[in-house]
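Just so we're on the same page: letters track the sequence lines, and every chain starts at 1. Values reported hereafter were calculated over all heavy atoms of this structure, with side chains retained and with hydrogens, waters and symmetry mates removed.
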Protein chains: 2
Amino acid sequence: MIGLSQGVGYAVKALACLNEDGKGHFVREVAECAQVPPAYLTKVFKKLVDAGILTSKRGWAGGTRLARAPGSITLLEITEAIDGNDWNRGCLLGQEFCSDERACPTHDFWKVQREAIAEKLRNTTLAACIEFERNRGTLGTCKSVSHRS
Amino acid sequence: MIGLSQGVGYAVKALACLNEDGKGHFVREVAECAQVPPAYLTKVFKKLVDAGILTSKRGWAGGTRLARAPGSITLLEITEAIDGNDWNRGCLLGQEFCSDERACPTHDFWKVQREAIAEKLRNTTLAACIEFERNRGTLGTCKSVSHRS
DNA sequence: TTTATAATCGACACAAAGGTCGAATATATA
DNA sequence: TATATATTCGACCTTTGTGTCGATTATAAA
């Protein structure tokens, strides 16, 4: 199946559930809101924290929140946080050695397509995703996630 | 890593090593020519036989050969033989439920890209691959594969 | 300082792709 | 018919992505 990993999809859906109130939100509640496996989402969130997209705090009144405004977070950032920086380096035909010097028959074509995909991800912000979901009414049933303090 | 499976790459490289002399060629020799794992190539070839791209015969004077002329075999056929018919149905963001009715933010974009990829694979024949490799001198060191009878 | 709490960590389980190996099967020739 | 031979088949292994669970750690409030 051609495309990014499922983890990227989880990340996008979950991040779209966080709002910008500066309060910490709990992984389990975000998971329910986004309809993704809670235990697995903790792993996804860890990568997003490491990438500087989320911040987190443990304990009472802890939780997770966006590190920056949704308008400054791109899908490309999210993708690279989850799938790594090499997600865009592969050959279409899955060949191990495929480069400008030693190309496969679809190399030039794929180079253009890959860049188009990266460009699309770079130009799509989390804010746009939230707006998109809101317009379609597909953001899940929860309005906002509860918090303490 | 975005792209088709490694098996598709193996298939393309191996098929490019078969010539049209109507003789049977041996999996192990084709594997050496294409520089792919021999034991694994038998599995790949099985799928190509089932798909009607190759024919095979067991025993003495047996082997494998192209079922049709390279000009009538497309990369799309090869792709679907190895990765199945669903290789092109997935969401870019790896979301399970993503359709025209319930779209992800990149759905419309990805629909166009997917079709462009399918079109490229449909328009690229095995003959073109052979020609391409021959021009670049990247077809491996073997000229042709030995055979019996 | 104790306690409740939420993220973090480590271990494990499962499925699919990639990969290997030996036994079984079919086939043309001798 | 017997034999050598090349594909086919089944079993198994490893790695990676997905997913679960319980223990650990950090934190703010009581």
Quick one: are A:K23 and A:R65 in side-chain contact, heavy atoms under 4.5 Å? no
Describe the nucleic acid contact of B:R28 in one word from base, sugar-phosphate, nothing, applying a heavy-atom distance below 4.0 Å. base
Taking for each residue the nucleotide of DNA chain D with the nearest heavy atom, is it B:V49 or A:Y40 whose nucleotide lies nearer the 5' end? B:V49
B:R58 side-chain proximity, nearest of C:dG19, D:dT7, D:dT18: D:dT7
Which is true for A:K43 with a 4.0 Å heavy-atom rule: it touches a base, it touches only sugar-phosphate, or it touches nothing? base
Report the distance from atom CG of A:L4 to atom P of D:dT18, rounded to the nearest whole Å. 11 Å
Of the nucleotides D:dT7, C:dT8, D:dA28, which one has an atom closest to the side chain of B:T64? D:dT7
How long is the straight-line distance from CG of A:L76 back to CG of A:N85, given to the nearest 0.5 Å? 9.0 Å
Does any part of the side chain of B:V30, heavy atoms only, come nearer than 4.5 Å to the side chain of B:L18, both counted from C-beta? yes
Is the CZ atom of B:R28 crowded by more than 12 outside heavy atoms at less than 6.0 Å? no
Provide, to the nearest angstrom, the distance between the CE atom belonging to A:M1 and the P atom belonging to D:dG17. 17 Å
Need to verify one output field. Residue with the more 5' nearest nucleotide on DNA chain D, A:P38 or A:G59? A:P38
Between A:Y10 and D:dT18, does any side-chain N or O lie under 4.0 Å from OP1 or OP2? no
Compare the minimum distances between each of D:dT8, D:dT20, C:dA28 and the side chain of A:A39, then state the nucleotide with the smallest one. D:dT20
Under 4.0 angstrom between B:K46 side-chain N/O and D:dC9 OP1 or OP2: yes
Roughly how far apart are B:L126 CG and B:I53 CD1, rounded to 0.5 Å? 9.0 Å
Rounded interatomic separation in angstrom, taking CG from B:L41 and P from C:dC21: 15 Å
Measure from CG on A:L48 to P on C:dA7 and round the result to the nearest Å. 14 Å
Could you check how far CZ of A:F26 sits from P of D:dA28, rounded to whole Å? 13 Å
Does a side-chain N or O from B:K57 land closer than 4.0 Å to OP1 or OP2 of D:dT7, or not? no
Gap between atoms NZ and P, on A:K47 and D:dG19 respectively (whole Å): 12 Å
Quick one: which of D:dA28, D:dT7, D:dG19 gets closest to the side chain of B:V27? D:dT7
Using atom CD of B:Q95 as one end and atom C1' of D:dT18 as the other, report the distance to the nearest whole Å. 16 Å
For atom NE2 of B:H25 and atom P of D:dT7, their distance in whole Å: 11 Å
